[in-house]
Every structure is written in C-alpha cells, then in structure tokens.
Amino acid sequence: MSDTFAFGLGFASRNLSGEPLDCLFPQPILRPDNHLSRICATFPKGTSTLAPEEIAKLDPNGQLAPAALLNKDQPLTCVNLSEDASIGSTPEAYLKLHLLSHRLTLPNTLNLDGIFAHLPNLAWTDRGPIDLQELPAVLLDAKLNGEHVEVMSVDKFPKMVNYVMPEGVRIADASRIRLGAYLGDGTTVMHEGFVNFNAGAIGPNMVEGRISQGVIIDEGTDLGGSASTMGTLSGGGEMVISLGKNCLVGANAGTGIPLGDRCTIEAGLYITAGTVVSVVDENREEIRKVKARELAGASDMLFIRNSQTGQVLCRTNRRAIELNDTLHAHN
Amino acid sequence: MSDTFAFGLGFASRNLSGEPLDCLFPQPILRPDNHLSRICATFPKGTSTLAPEEIAKLDPNGQLAPAALLNKDQPLTCVNLSEDASIGSTPEAYLKLHLLSHRLTLPNTLNLDGIFAHLPNLAWTDRGPIDLQELPAVLLDAKLNGEHVEVMSVDKFPKMVNYVMPEGVRIADASRIRLGAYLGDGTTVMHEGFVNFNAGAIGPNMVEGRISQGVIIDEGTDLGGSASTMGTLSGGGEMVISLGKNCLVGANAGTGIPLGDRCTIEAGLYITAGTVVSVVDENREEIRKVKARELAGASDMLFIRNSQTGQVLCRTNRRAIELNDTLHAHN
Amino acid sequence: MSDTFAFGLGFASRNLSGEPLDCLFPQPILRPDNHLSRICATFPKGTSTLAPEEIAKLDPNGQLAPAALLNKDQPLTCVNLSEDASIGSTPEAYLKLHLLSHRLTLPNTLNLDGIFAHLPNLAWTDRGPIDLQELPAVLLDAKLNGEHVEVMSVDKFPKMVNYVMPEGVRIADASRIRLGAYLGDGTTVMHEGFVNFNAGAIGPNMVEGRISQGVIIDEGTDLGGSASTMGTLSGGGEMVISLGKNCLVGANAGTGIPLGDRCTIEAGLYITAGTVVSVVDENREEIRKVKARELAGASDMLFIRNSQTGQVLCRTNRRAIELNDTLHAHN
C-alpha cells in the first residue's frame, strides 16, 4: 500500500509579502502506486517550497509534474501528504480542491476541515488573484494609466476552470463553478446552473439549478432552471443530500431531502424535510401521510401539488412503497 | 427575387491547426437587393477563405463589408448561401447567429439544423476563444510568467455582445445573452435575465427571467426575477412557447404554455401544460376546469393561486373566454 | 455645521469626444468637519475639471484625496456639493454611488433624482468603459489584430468592486453587485445573490437572493438561493421594503411586504401584498384572515403554506399579534 495519500507540485501566485494566494497543480496525484510513492517519499512532508535543482534531484525523470512546469526553472510549491488530515496550509487546501475537480475522488470523501481558515479572501481579477489590502492601489494605478483591472469576485474560492478543465464538459458561466466541484463527463451546466466545492454531478447531467456544498447528483439526473438543493437535511441530524439516477427537479423547484432513482419534482414545487406529503399509489389511493424526510432516499417518486386542492402528493408504485417502508423501519 | 439568401465576410479566430473557432461578421446580409445579390453571386458558394486581393476584385467598391475589415489586408472568411439549408460549417453557424442578433430576422425563422455539430466546444477567455486541447498549456504558461488568462465559459455558443451590440439595449450581465439572441430596441435585461440563441424579446421589454431557446416575448411584456419559460409545450406535440404583448410573469413564476396579450402570472406560481386550472369570470364564478394547455395562446388571463384553498385560478372575461372556446375547438 | 454636503476628487474615463463615462473617487467625503469643509469651500461648486497645480494650491496638504491620485500629475474631476439636490452630472451621480458603497450613508438617504439621465449607457469591458458608438470598431480592430476585448455588461451602472471594495465582505460573482450597493461588514453574497444600487445589507448577512433597489436587510437576516424582494409595496402607496434582524427568506421564496425582526418565509413560498393569510397563534388557532400588506413590518412571523390544504399561514405569538394590531390601526 502507498505511503503517500496525495502529492502535488504546483505554482503559487503570491502577494507583495510573498505569501501564497493560491496554487495551480497541473498534475495532482492521489494514492500513487508504489513506484511513484517511493519518489514522493523523498520529498519533504507537508507544504514546502523547492528550488528547481532540488526537484530535479529528487524526481530526475520528471514523473511528478508536467515538463512545462518543471522546465520553467522557477521555485515550485510542493504538497506531500501521507494521510488525509485536516488542512494545514493554503497550498494543501488547493491540492484537495484540485483532486476533486480532476475527478480523482468524489465529493464527501476528503477531510476538508480547516479549509475556510486556510483559504484567504482575495480579489480575483483578470490579472490573477490580488491581496485585498493591495487592491485599491492596483485599481487606482491602472485607471490613472488608462488601463483597467477587472475584478471578477471577492471570495475564498476561485472558479474551477482557471485551474482545472475536466474533459467532456460544458459550462455556460464559469463564474458559477467553484474549484473543488466535481463535474463528470457529459455534464452541461447552463447559465443558471451552479456547483459549489465538494459537490458535483457524476455525468452525464444537465444542470440548470444549484448543487449546494456536499450534494451529488447521479447520472441522467437533471436540474431545471433555478432548481434548488439544500445542503443538508435539517432536522433529525445532518443527512447529506444526494439525488440518484434519472431524476428531474423541475424549474424553480427544490428539495430538502435526498432522492433515490427516477424521482421527479414538478416545476415550482419545493419539498422540504418537513413538508407533509400524501403518498398515493398507482390508483391514486392515499396510502399514508408522512413528512417528506421519511421518504428520504426512496426511488420512483413523483412529487406534485394538486392544483385544485393545494395538496402535495407523492405518486409512487407498490414496489417503491415497500422500499419506503423498509427505509422507514430503519429510521 | 434575390438569388442570395445570406452573405457575410468575416474574420475567424483559429486554433493552432488553423481550424476556425468562431467568426465575426461585422455586416451580415440577409436577402440582399438585386444589386448586392449580383455582387454576392460572384463569390464562391458556401464557406471559403479569400485573400484580400480576390475580395477587392469581386467587390471593388467595398459594398459587402465595412472598410475596417477590408482594409486590414488579411484573408477573410466568406459565407455565401443561396438557400436556408441546414448548417454545414462553423462560419455558417456564426453567420446565422449574427443574422438573429443583428435583428435581420426573428427567432424560429432560420434553419438551424446541424448547429450543435458545427459549433466547437471552446474555452472563451479574455484572450479570445481557445481550443480546449490547447487550454491547459496556455493557463500554465501564463501563470508561470506572472500573467493570467481568465476563462469566462466553456461552451459551444459565445456571448452575444462580443460580436453584436444591438442599439437601444441594456444588458446587466453579458454572459447571460448568447450569440443568436434577438434583443429588440428598448429591451433591458437585468442581472437575473437570460436569453438563449434563437430566442428573444421584441422590445421594449424588461427581462429579469429566462427566455429559453425558441421562446419570443412581444412588446411590453416583462419577466420578473427568475421567471421561467419552458422551451416547448410538453405533451400534445411540440408547440413553441411565446408571450404576447403586455404580459407579466411575476418573480419566481413560470409558464409551460404560450400566452396571448395582457396575461399575468402572479409571483411564485408555475403554470405547466398539465396544471388543472379553474377558469372564473368577472364575477368569480367558475366556468369550467381545464388543463392549462387548453388555454394556450389566449389573451386577458390572470393566473393566481387562491392562498386560502390552494386552487389555481384563471381569472378572465367573457370575451377572452369565447376566444378560448374557439381556440379549444381547433385543438 | 458643515457647508459642504459631499465632496470628491476623482479620475474619469472619457470617450473619444472627451466626455466623462464614469468617475473613480478613491476618497469620497460626506458632511466633512469644519476644518475639511473650509478647504472644500475653496473649490468650484458643482462639477469641474481641475489641473494638478490648481488642486495643489487649494489643498496644499493633500487632505482631500490620497497621494496616489494627487501625485499622478493629471487633471482631476472635482464634485463639490453644498446640498443634496437632484443629480446634475455624470461625476455627481458617481460620487453619490460611491458614498453608498463606501458605507458613508445608508440606502434611501440620498437624493438620487436624475441618476438615470446622467449615467450614460456604456459597454463595460476589460479595457474599461467604452462608449457604445465606439464599441464595434474597438471589437473589430482587436479581433483583426489577434487581440480580444471582453464585454462584461452594457449598462448605466458599473459593478461596485471595480470602484469600491468594502472591508469584511465576500462577493462570489462581482457582476451582480452594482456600484451604489451598501454591503456591511460580514456580508457574504453568494453566486445567486444580487444587490442593486441604493439597496443593501447592514451585515453580517448571507445573501443568496436578490435585494432590489431601495430594499435593506438588517443584521443577521439571510436570503436563500433565488429569494426575491419586491422593490416597493404595490397597492396602497409606495411603501419601501425592508427586512429586520434575524429573518430568513427561504430558497426560491419571496416577499412583497416589509418584515420586522425574526420572521421566516419557508422555501418556495412567495408572499405578495395581496396574499390572503390566515394568522394563527401558538395553539394553531386562527385569529383572523388578512391581506399580507396588513402584516407589513410586524415581527416574529413564520409564513408557511399548509402542504395538505394549500392554505397560507402566518404563525405568530400573542405579543406579535398585538403589535400587528397597533400597526394595523395606523394604516
């Protein structure tokens, strides 16, 4: 078994004091094989800055980073983690976010404790990240020289595509995908779509709604325009929300419970964990009334609001109901 | 009658292999008059690349493109279409999208078959479009040189305003208007507004919601914040959605049916084709219950949900109801 | 008392005709103390352009602007207002918008009459603001030279952070905060959040919804994803909407009435002024039915829609109801 949990050689932008603001890892490595792991083991543990000649000595065949990075003859940032402990530096936070966006691991599998503390709040501009203390002078100086600096966001997280561009993906508005998002092959995120860090779409998916932190949607599942997913199931513990395969959450709809496969929520309907739902079978007979949280994770559910009575219904079939019962029994 | 359907001289950005990534047509031409058409007829049919001296020979008075383009002494891309056939090249796709955004023709009037196949998926950056294969090297190289490349989107469609800026329009967030959108004079698109290609607002309009592909809203009609329009009428065929004059779709509301003139959907209410609606007259007497699809295209309708009974109502007047009957009879 | 209402030395970008397009005021001043006011009084009234040597003569110790601005040896724009009259020039409009974003005054406290007339509609690009008449030539010229100009928006208002970066704030998508927004310390605006000019969050707040022009949310109040606030109370006059402390408007919800403190609107529910609401007490007994506008400004209200009957409820407590009665009596 590998002694290395994760490893990356990267290049950091820095503020005027030399502190790292971010770090680009073109080739992040997760749980390398024994061969690579032996090379990684020769590098300093944790986060370090290494001169090109040191790196060349430790990794003479350039197996740990692309040539374009190694050949530039600049000091690089090295993050070398033997276990998945809580985050201890800015480059370490960036390495973990890269692992997710490079699809090397799924959301909710990494220890991200400490990430907010180690990500500085920065101005993300078309000149790259800028320390907020340094921003006003940069803006004024540019303006007085007839130049311009465009500020895109002021945030701890950068947009993903300035660091990682996964294959087979379309992203209509890149500002809405944070680094650390997992976008599987065949995923299209339209203009209204959003994917937080440590959240994602397994692919293929059509994402026109919001995938909150911690939420995963499985293949074939689509989120309509402005559809909302709550981060965690409020009440009764902190159940993580996920959506199974081939679900559809309609436009302007939302869910506060996890869904299994082949579930639909009609456009405009928001199901929260506390919504009282009338469960009906194929013959539209009511089987029982439950709070939606009791249906968490079940498959083959269609949620609608009867437009003449205002009643929220879950249409399902006998098989699904039996599964629900099992699920319910284990609650 | 003109032998030319559409014509454009443009300039294309290219990838490292020389393939066109996009094409800017500063002066696209639709169904030119006989005089211009005769000049167009001397150019090669379809898509071609022409040297400046060839163009000067065929169009000696520079009538087919602005001087700024012709005088640059660069090879130009020529698209010369005698009929509105399905799309056969990237520049042809761009010419048709330009025709829409230059307001030379309305949405749903052009043959756009093949458009997805002929639009490459690209990184749209502040250095222009970049081939996705070439992107990682560009990003890394910039970073190592202390520069920055900002990726705006990864998409087949670019934003409109980098190519066409129609007059009399305000667009609060340009990333939400695709090339191929039709924005009429007097249209304001606020930050939450969105207009897809082959979709549009006749103007004047206030657009704070989403105009899906194929959807048109007529003059005086406003979409509230996050208001949603479905692309086509699901069930019973593929009816295209349009909204007539002086309608209002409230904030967080939506429609899955086309509306005539002077219709209102209250904030937060989503009308799908299958929503059962109680139609009431001026005296609030119920006339009948119908699925909303049967009201498609009717005028003078006010849709609300009774907040005490949950019932979705369509308040209308006798004249509108009679029109509805006629419409219904032809269904 | 000060004779100066507001004062600013700034730098304007200009079109090819020399007209100001915008104005950056690094150090706007509101109601200066007597000492500063005496210096301001020596400057021309209204809007003027001053040579560096003139400024040096009037403000020899450089107290009215930062050294970086004064030392650049360029003509500056001076706005010197003795009272809060309607807006008379583009730089004056910019000064007032700066006052708000610098947190020198709250929304709805400045006279903004004339602001639309004095803000030119511009292309906001990564080369700075560009006159719309000049834009097509700039775009074409860049493209022909293998360069690129990115157009961010076409609007009368620029984004705030290109001019003002208030402390203690995160803004995930800077294009959604207009100059003139007031963002208090501790405010986070997520990707779906929006804050118009003359609107704001006192801080700390989590803003994932839309704060319309004129709307203020007080400390501890959160707006869920796509939550909507109406600009003014329709019907019964033009009551300005505000939300008190520690409120929560859920995802995809909205309000057309002002709320007091500790109010909640559940996810997906839109309360308009005309929504008929059943007010219930701690024991869930109905006390009365009212239009929501009669509850405007009351505290301790929880708005939900009964998911089995479709009835919109306001759950509250005796004390809150008594306050409501008082409020009602003064309507």
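Here the structure is a predicted model, which is why all the values come from computation and not from measurement. Below, chains carry the letters A, B, ... as their sequence lines are ordered, and counting in each starts from 1.
Residues that satisfy the ring pair (Phe, Tyr, Trp, His ring centres under 6.0 Å) test with A:H191, not counting sequence neighbours, are B:F194.
Closest approach of B:M230 to A:A267, counting heavy atoms only: CE-CB, 4.1 Å. For B:K143 against A:S13, the heavy-atom pair with the smallest separation is NZ-OG, 2.8 Å. The minimum heavy-atom distance between B:Y270 and A:G268, with the atom names listed, is CB-CA, 4.0 Å. Closest approach of B:V276 and A:Q308 over heavy atoms only: O-NE2, 3.0 Å. Counting all heavy atoms, side chain and backbone alike, A:M190 lies closest to B:N196 at CE-ND2, 4.0 Å.
The contact between A:T125 and chain B is made entirely by backbone atoms, counting heavy-atom distances below 4.5 Å. Heavy-atom distances place the side chain of B:D141, and not its backbone, under 4.5 Å from chain A. B:S175 touches chain A through backbone and side chain together, each having a heavy atom under 4.5 Å away. A:E192 touches chain B through backbone and side chain together, each having a heavy atom under 4.5 Å away. Of the two parts of B:L132, only the side chain, counted from C-beta on, holds a non-hydrogen atom closer than 4.5 Å to a non-hydrogen atom of chain A. Using a 4.5 Å cut-off between heavy atoms, B:A142 makes no contact with chain A at all.
B:Q133 CD: 12 or fewer foreign heavy atoms inside a 6.0 Å radius.
Ranked by non-hydrogen atom pairs under 4.5 Å with chain B, the options A:S226, A:P26, A:G224, A:A12 are led by A:S226. Most heavy-atom pairs under 4.5 Å with chain A, from the set B:V277, B:V312, B:V151: that is B:V151. No other option in B:L269, B:I271, B:D155, B:V154 has as many heavy-atom pairs under 4.5 Å with chain A as B:V154. In terms of non-hydrogen atom pairs under 4.5 Å with chain A, the most contact-rich of B:A123, B:G274, B:S228 is B:S228.
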Which is it for B:R210 and A:N252 under the side-chain contact (heavy atoms from CB on, under 4.5 Å) test, yes or no, and what are the steps along the way?
CA-CA 11 Å; B:R210 302 184 298 272; A:N252 293 7; 3.0 Å; yes
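For residues 158-172 of chain A, heavy-atom neighbours of chain B at less than 4.5 Å comprise A:K159, A:V161, A:N162, A:Y163, A:M165, A:V169, A:R170, A:I171, A:A172, sorted by residue number. Within residues 179-187 of chain A, no residue approaches chain B closer than 4.5 Å by heavy atoms.
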What donor-acceptor contacts under 3.5 angstrom involve side-chain atoms of residues 66-78 of chain A, with partners at least two apart or in another chain?
| unit_1 | atom_1 | unit_2 | atom_2 | d |
| --- | --- | --- | --- | --- |
| A:N71 | ND2 | A:A67 | O | 3.3 |
| A:K72 | NZ | B:N145 | OD1 | 2.8 |
| A:Q74 | NE2 | B:L144 | O | 2.6 |

